[in-house]
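Below, all heavy atoms of this structure are taken into account, side chains as well, without hydrogens, waters or symmetry copies. Whatever order the structure lists ligands and atoms in, that order sets their numbers, starting from 1. It should be emphasised that the depicted structure is a prediction, and the values quoted were computed from it without experimental measurement.
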Amino acid sequence: MLTAAPAPSLRDSLPPLAVRPPAPRSVLPGPAESRVVVGAQDGSEGRRGSLCWAVRPRVVLRPVMAVGDPRAGNGYVGPGEGAVRLGSEAAPVMAECHFPTDDASGNATSGVDHRRVSTVGRSTNILWQECPVGKLERQKMLGQKGCVIWITGLSGSGKSTMACALSRELYCRGYLTYLLDGDNVRHGLNKDLSFKPEDRVENIRRIGEVAKLFADAGIICIASLISPYRRDRDGCRALLPEATFIEVFMDMPLELCEARDPKGLYKLARAGKIKGFTGIDDPYEAPLNSEMVIRQKDGVCPSPAAMAEQVILYLEVNGYLQV
Ligand SMILES: Nc1ncnc2c1ncn2[C@@H]1O[C@H](COP(=O)(O)OS(=O)(=O)O)[C@@H](OP(=O)(O)O)[C@H]1O
Ligand SMILES: Nc1ncnc2c1ncn2[C@@H]1O[C@H](COP(=O)(O)OP(=O)(O)O)[C@@H](O)[C@H]1O
């Protein structure tokens, strides 16, 4: 009996990864008071109060400020007291870790600057925990700048198509991206949220916060969600460092989106079976000053590849694809 061959998946259709010269990895040019995982000489994790080797597989790092913080509990180090000896670039670095004022239960009582303890939202008595490996180091490692490409538009305007084409193109050129698609995030993190206005506000806020973390990780984060309210998109922009929020408006007419209706949702909304559908009985506030607008030319929508190319050109011209 003949069986039909399975249709190739989108993943199968990816061409081989282009060889982009990797960021130089022999020595990571860390900042002056540099930074590493602390491990013991036998390669195991560093212990509090012990002599530690600064090690990192396959990557030889510069001098180190190796102060194990017992609160971190993961071998990574934070700022604080500690006897530090600097080593050469090629040699492992030794550093002695001291936590002289820890209390009997093992909790750190040292090094807490109470002037920095604050209240944020409903969280009280919290302190920003610095980590010596920062965004700049991660960006150097990846050879790209972390940013958020925020794709907004009506349902059916082509957000996901654009996001996937862009991911694919950047992947093929050797850049690391991560896609936050509204539909997908609503399957997990945001599954407690509906489409009523206050829930959309929260959906956008949470995705903005997550996107901010990805950008801080040095990743090109592509957020693709309707995000219909201007104020909330602008709120996400405000979360990010200057010029790292790139708003892309899929400016497609409602008639086109409705004609596409790939999920049949417009039909249901018109029939009154879905209430509060964006563009039908819930507002979409178009951006006023987005970095990019994708629209039809002479009534023809640019191809997915052409849309992605437009964004990549923007990233190139604005220096996001290099450090
Ligand atoms: N009432 C209503 N209005 C708009 N969209 C609806 C609604 N109900 C379900 N859907 C489907 O959910 C997708 C939109 O989710 P988002 O998280 O992007 O929306 S929002 O940013 O919170 O407005 C959206 O996906 P896309 O078509 O990809 O935009 C719809 O498929
Ligand atoms: N540039 C394009 N040219 C032709 N069709 C497109 C283009 N972009 C999207 N589409 C089609 O439009 C429909 C909606 O696109 P989609 O990316 O799912 O939109 P959204 O994520 O905004 O809801 C899909 O059927 C898709 O194939």
Side-chain angles (χ1 to χ4, degrees), residues 7 9-10 13 148-169 179-211 221-237 245 247-287 290 292-312:
S9 69
L10 189 62
S13 74
V148 175
I149 299 168
W150 190 278
I151 306 174
T152 172
L154 291 170
S155 175
S157 60
K159 300 182 298 297
S160 305
T161 303
M162 158 70 107
C164 290
L166 184 58
S167 274
R168 180 182 189 278
E169 277 309 309
L179 174 54
L180 296 173
D181 185 282
D183 268 317
N184 294 357
V185 180
R186 281 175 176 277
H187 279 76
L189 176 67
N190 290 351
K191 66 182 172 192
D192 56 325
L193 302 177
S194 73
F195 286 92
K196 59 186 183 194
E198 58 270 37
D199 280 2
R200 291 192 201 238
V201 168
E202 179 60 8
N203 181 43
I204 298 163
R205 187 193 73 78
R206 285 185 201 170
I207 294 184
E209 290 283 359
V210 174
C221 179
I222 304 168
S224 158
L225 62 158
I226 297 180
S227 41
Y229 311 140
R230 201 175 292 136
R231 201 173 85 157
D232 302 303
R233 291 191 305 264
D234 289 345
C236 295
R237 179 188 290 278
F245 183 90
E247 191 174 37
V248 178
F249 173 31
M250 303 300 296
D251 185 12
M252 300 296 160
L254 176 64
E255 303 73 58
L256 174 68
C257 301
E258 200 168 348
R260 286 174 169 171
D261 202 10
K263 302 169 191 163
L265 299 180
Y266 280 102
K267 207 169 164 202
L268 291 173
R270 288 288 186 198
K273 293 183 180 160
I274 298 179
K275 302 281 182 216
F277 197 82
T278 307
I280 305 297
D281 53 353
D282 211 66
Y284 178 80
E285 299 167 3
S290 60
M292 303 190 66
V293 181
I294 308 288
R295 54 168 68 104
Q296 294 177 300
K297 287 192 186 82
D298 303 324
V300 179
C301 189
S303 71
M307 300 192 302
E309 201 52 51
Q310 252 182 279
V311 178
I312 290 178

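The atoms of ligand 2 that sit less than 4.0 Å from any heavy atom of L154 are 22 (O). For ligand 2, the atoms sitting less than 4.0 Å from at least one non-hydrogen atom of S155 are 23 (O), numbered in the order shown with element in parentheses. In the vicinity of P262, heavy-atom distances shorter than 4.0 Å reach the ligand 2 atoms 13 (C), 14 (C), 25 (O). The distance from ligand 2 to the heavy atoms of C301 drops below 4.0 Å at these ligand atoms: 1 (N), 2 (C).
Under 4.0 Å is where a charged nitrogen must lie from a carboxylate oxygen, and between R205 and E202 at least one such pair does. Between D281 and R270 no salt bridge is recorded (no basic side-chain N to carboxylate O distance below 4.0 Å).
Judged by distance alone, the side chain of R200 and the main-chain N or O of S227 form no donor-acceptor pair under 3.5 Å.
The protein heavy-atom contact nearest to atom 19 (O) of ligand 2 is G158 N, 3.0 Å.
A cation-pi arrangement is found for R186 relative to F195, the charged atom lying closer than 6.0 Å to the ring centre and inside a 45° cone about the ring normal.
Checking T161, I294, I151, T152 against atom 15 (O) of ligand 2, the nearest heavy atom belongs to T161. For atom 7 (C) of ligand 2, the nearest non-hydrogen atom from the set M162, M307, R260 comes from R260.
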Once you restrict both partners to nitrogen or oxygen, which atoms of ligand 1 have a protein partner under 3.5 Å, and how far apart are they?
| from | atom 1 | to | atom 2 | distance (Å) |
| --- | --- | --- | --- | --- |
| ligand 1 | 1 (N) | G276 | O | 2.9 |
| ligand 1 | 3 (N) | R200 | NH2 | 3.1 |
| ligand 1 | 3 (N) | T278 | N | 3.4 |
| ligand 1 | 17 (O) | R186 | NE | 2.8 |
| ligand 1 | 17 (O) | N203 | ND2 | 2.8 |
| ligand 1 | 18 (O) | I226 | N | 2.9 |
| ligand 1 | 21 (O) | S227 | N | 2.8 |
| ligand 1 | 22 (O) | R186 | NH2 | 2.9 |
| ligand 1 | 22 (O) | N203 | ND2 | 2.7 |
| ligand 1 | 23 (O) | R200 | NH1 | 2.9 |
| ligand 1 | 25 (O) | D183 | OD2 | 3.2 |
| ligand 1 | 25 (O) | K263 | NZ | 3.1 |
| ligand 1 | 27 (O) | S155 | OG | 2.5 |
| ligand 1 | 27 (O) | K263 | NZ | 3.0 |
| ligand 1 | 28 (O) | D183 | OD2 | 3.3 |
| ligand 1 | 28 (O) | K263 | NZ | 3.0 |
| ligand 1 | 29 (O) | K159 | NZ | 2.8 |
| ligand 1 | 31 (O) | K263 | NZ | 3.0 |

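For R260, there are no salt bridge (charged side-chain N to carboxylate O under 4.0 Å, His left out) partners two or more places apart in sequence or in a different chain.
Only backbone heavy atoms of P302 (N, CA, C or O) come within less than 4.0 Å of ligand 2; its side chain stays farther off.
The aromatic rings of F249 and Y284 sit parallel, their planes meeting at an angle under 30°, below the 60° perpendicular limit.
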